[in-house]
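Let me begin by presenting the structure, written as structure tokens, before commenting on it.
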2 protein chains.
Amino acid sequence: MNGHSGFEAATIHCPECPVRRLALFQPLDPGEVSIAEAFRTEFRHLKPGNAIFRQGEDIKEVYTLHEGWAYLYQNLVDGGRQILRVILPGDFFGFQVDMGDGVRIYSAQALTAVALCVFPAANILKMVREHVELGIRLIWMTAHDEAVAYEQVVSLGRRTARERVAYLLLDLFHRLRLRQRNPEGIRTVDLPLTQELIADICGLTQIHVNRTLKSLRNDNLLELKGGKLYVPDVDLLACEAKHSHSVFTKRPML
Amino acid sequence: MNGHSGFEAATIHCPECPVRRLALFQPLDPGEVSIAEAFRTEFRHLKPGNAIFRQGEDIKEVYTLHEGWAYLYQNLVDGGRQILRVILPGDFFGFQVDMGDGVRIYSAQALTAVALCVFPAANILKMVREHVELGIRLIWMTAHDEAVAYEQVVSLGRRTARERVAYLLLDLFHRLRLRQRNPEGIRTVDLPLTQELIADICGLTQIHVNRTLKSLRNDNLLELKGGKLYVPDVDLLACEAKHSHSVFTKRPML
DNA sequence: CGCGCCGTTGAGCCCGTTCAAAAAGTGTGG
DNA sequence: CCACACTTTTTGAACGGGCTCAACGGCGCG
């Protein structure tokens with residue numbers, strides 16, 4: 001599912017990689033991109049639900065998601081969990097402070113079937129020291145992730161269930177559209193999230209997510225069924241999501 | 001208030017700066033620290049409540065807080081606000097993606113009287129290109145801020161009011177203790193937060209923060225009065241805060 | 001003294017939760 | 001193609017944590 005089409009690891013080369021424009025190595029000139037490939041050690045496939053890494057493990061690798069959906073999350077003592085970030089193709093993830101001796105402070109899991117570009121964590125600092133521009137790129141991406149995290153803090157701290165769900169789906173809608181050939185005309189995107197996952201992102205229960213979606217559907221703001229998200233009017237949904245400023249505008253990448 | 005003691009800008013030099021061990025330039029060897037000083041353009045004083053920068057403004061500077069308290073926040077359309085991060089002496093802040101042409105996505109404000117080390121934003125990339133280790137340090141700090149933001153996401157998404165307030169005060173207690181000579185023995189710290197500010201951090205109302213503090217006080221977990229926070233048993237409070245893993249342990253800095 | 005800010009307390013309401021159950025997919029093997 | 005198990009979605013009813021509205025007390029300061 002999700003259009004996975006059986007790549008051979010050996011046939012994927014970074015310079016012609018279709019998701020590269022979104023990824024860590026995007027700003028490098030063609031000669032430098034091969035640097036990335038030299039550092040990449042593996043091209044890995046995982047099934048839906050498989051763990052990529054777990055809270056508490058040593059940090060051995062960092063990743064670029066090549067295909068499919070994944071997410072970062074934390075488990076809680078009471079059995080619940082909070083999803084920290086949804087990862088789409090081209091997104092870089094798994095980078096963390098204490099890369100040397102630290103452990104994972106969150107887990108990562110494949111949501112659909114995924115293909116991953118794997119880089120050894122130990123090489124990252126070496127890479128940065130040898131190629132300063134790559135270091136700057138890494139600073140940029142980490143700062144972007146921080147900004148996105150702050151946006152989620154605002155959502156969870158101050159927005160209602162309707163606003164949170166609207167904001168999440170709008171965000172995903174934008175990010176997915178940018179990965180398409182002709183972003184403008186698109187009103188429907190594939191969205192393999194279950195209501196339970198939406199709940200774990202928005203800090204709600206699955207049941208209340210269901211009622212919230214129903215309410216949004218009744219107001220013709222969106223339609224979510226069978227893994228497809230339909231948004232008739234993006235501006236209307238944006239209004240509902242109440243994002244005072246916007247991470248979408250001037251978004252540096254993704 | 002808050003022990004502000006009238007420094008002269010000219011008399012503060014980075015190599016002997018008392019908060020340097022916490023700051024951006026901590027890992028540099030003595031010779032390199034003077035680099036930082038060469039880039040610093042100003043040592044600025046602000047009064048309580050003064051804005052450091054505002055949402056929507058161009059990004060012209062980044063900062064290290066030298067003395068006092070400050071915080072980052074976002075205003076919402078409905079008049080509410082969400083505090084994103086509390087800044088203590090030695091903390092570096094104001095760095096953001098799109099440093100060149102972007103605008104602030106959040107505001108920063110002095111909570112007490114503050115003293116700031118100001119660096120021109122335009123020089124940051126130049127600095128990184130000339131001193132790779134400083135770039136690595138910047139990656140590290142940004143990744144740390146991201147981790148702290150994720151922790152707040154978990155708090156706001158999945159924890160009760162009691163847990164959120166307990167977690168916040170415990171976090172501040174830890175951070176403040178680390179800035180003291182003899183961290184172990186300390187049970188009381190200065191904490192100039194009003195209940196309204198705590199509410200804006202924890203995503204609650206001031207009234208409910210009041211009731212929550214009362215409840216925590218009744219259980220002998222903490223005492224907060226007259227700008228002083230007293231924690232009789234850190235472990236007991238940590239248990240209440242329910243942080244499954246800990247940003248405190250293995251904390252790389254701060 | 002009077003004003004403004006901050007903290008405290010009470011009463012009632014509402015958004016989102018919990019508990020419970022049924023309906024509607026979805027995939028698997030016979 | 002159907003039977004079966006399992007996951008996901010839907011709906012109902014009742015509870016409760018945190019909010020709103022309102023009022024009062026304490027404290028610092030001009």
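On a predicted model such as this, the values are computed, not experimentally measured, just so you know. Atom set for the values below is all heavy atoms of this structure, side chains included, hydrogens, waters and symmetry mates excluded. Every chain is numbered from 1, with letters handed out A, B, ... down the list of sequences.
Contact of the B:Leu111 side chain with the B:Leu193 side chain is registered, since non-hydrogen atoms from C-beta on lie closer than 4.5 Å. Two residues are said to be in side-chain contact when any heavy atoms from C-beta on lie closer than 4.5 Å; B:Asp190 and B:Lys228 meet this criterion.
To the nearest angstrom, P of D:dT8 lies 16 Å from NZ of A:Lys225. Across the protein-nucleic acid pair, B:Asp200 atom CG and D:dC19 atom P stand 11 Å apart, rounded to whole Å. Look at CD1 on B:Ile198: it is 11 Å from P on C:dT8, rounded to the nearest Å. The CG-P distance, from B:Leu111 to C:dC6, rounds to 10 Å in whole Å. Atom-to-atom, CG of B:Asn218 to P of C:dT8 comes out at 11 Å; the value is rounded to the nearest Å. The distance from atom NZ of A:Lys47 to atom C1' of C:dG27 is 15 Å, rounded to the nearest whole Å. In this structure, CG of A:Asn210 is placed 14 Å from C1' of C:dG25, rounded to the nearest angstrom. For the pair A:Arg217 CZ and D:dT10 P, the computed distance is 6 Å after rounding to whole Å.
Using modelled atom types and a 3.5 Å distance limit, the side chains of B:Gln195 and B:Gln206 yield a donor-acceptor pair.
Remark on DNA chain D: of its neighbouring residues A:Arg158 and A:Leu224, the 5'-side contact belongs to A:Leu224, judged by nearest-heavy-atom nucleotide. Mapping B:Gln206 and A:Arg164 onto DNA chain C via the closest heavy atom, the residue that lands nearer the 5' end is B:Gln206. Heavy-atom nearest nucleotides on DNA chain C were determined for A:Thr160 and for A:Ile207, and the one closer to the 5' end corresponds to A:Thr160.
Applying side-chain hydrogen bond (donor to acceptor under 3.5 Å, both in side chains) to B:Ser155 and the options B:Arg159, B:Gln152, B:Glu151 leaves one that passes, B:Arg159. Each of A:Val165, A:Leu236, A:Val231 was scored for a side-chain contact (heavy atoms from CB on, under 4.5 Å) with A:Leu221, with one residue passing: A:Leu236.
Side-chain to base pairing of B:Arg211 with C:dG10: one donor and one acceptor N or O lie within less than 3.5 Å of each other.
Residue B:Leu204 places its side chain closer to D:dG18 than to any other of C:dG16, D:dG18, C:dT8.
Residue B:Gln195 places no side-chain N or O under 4.0 Å from the OP1 or OP2 atom of C:dC5. For C:dT9, the OP1/OP2 oxygens have a side-chain nitrogen or oxygen of B:Lys214 closer than 4.0 Å. A:Thr205 has a side-chain polar atom (N or O) that falls below the 4.0 Å cut-off from OP1 or OP2 of C:dT17.
Counting any heavy atom pair closer than 4.0 Å across all strands shown, B:Gly203 reaches sugar-phosphate atoms only and no base atom.
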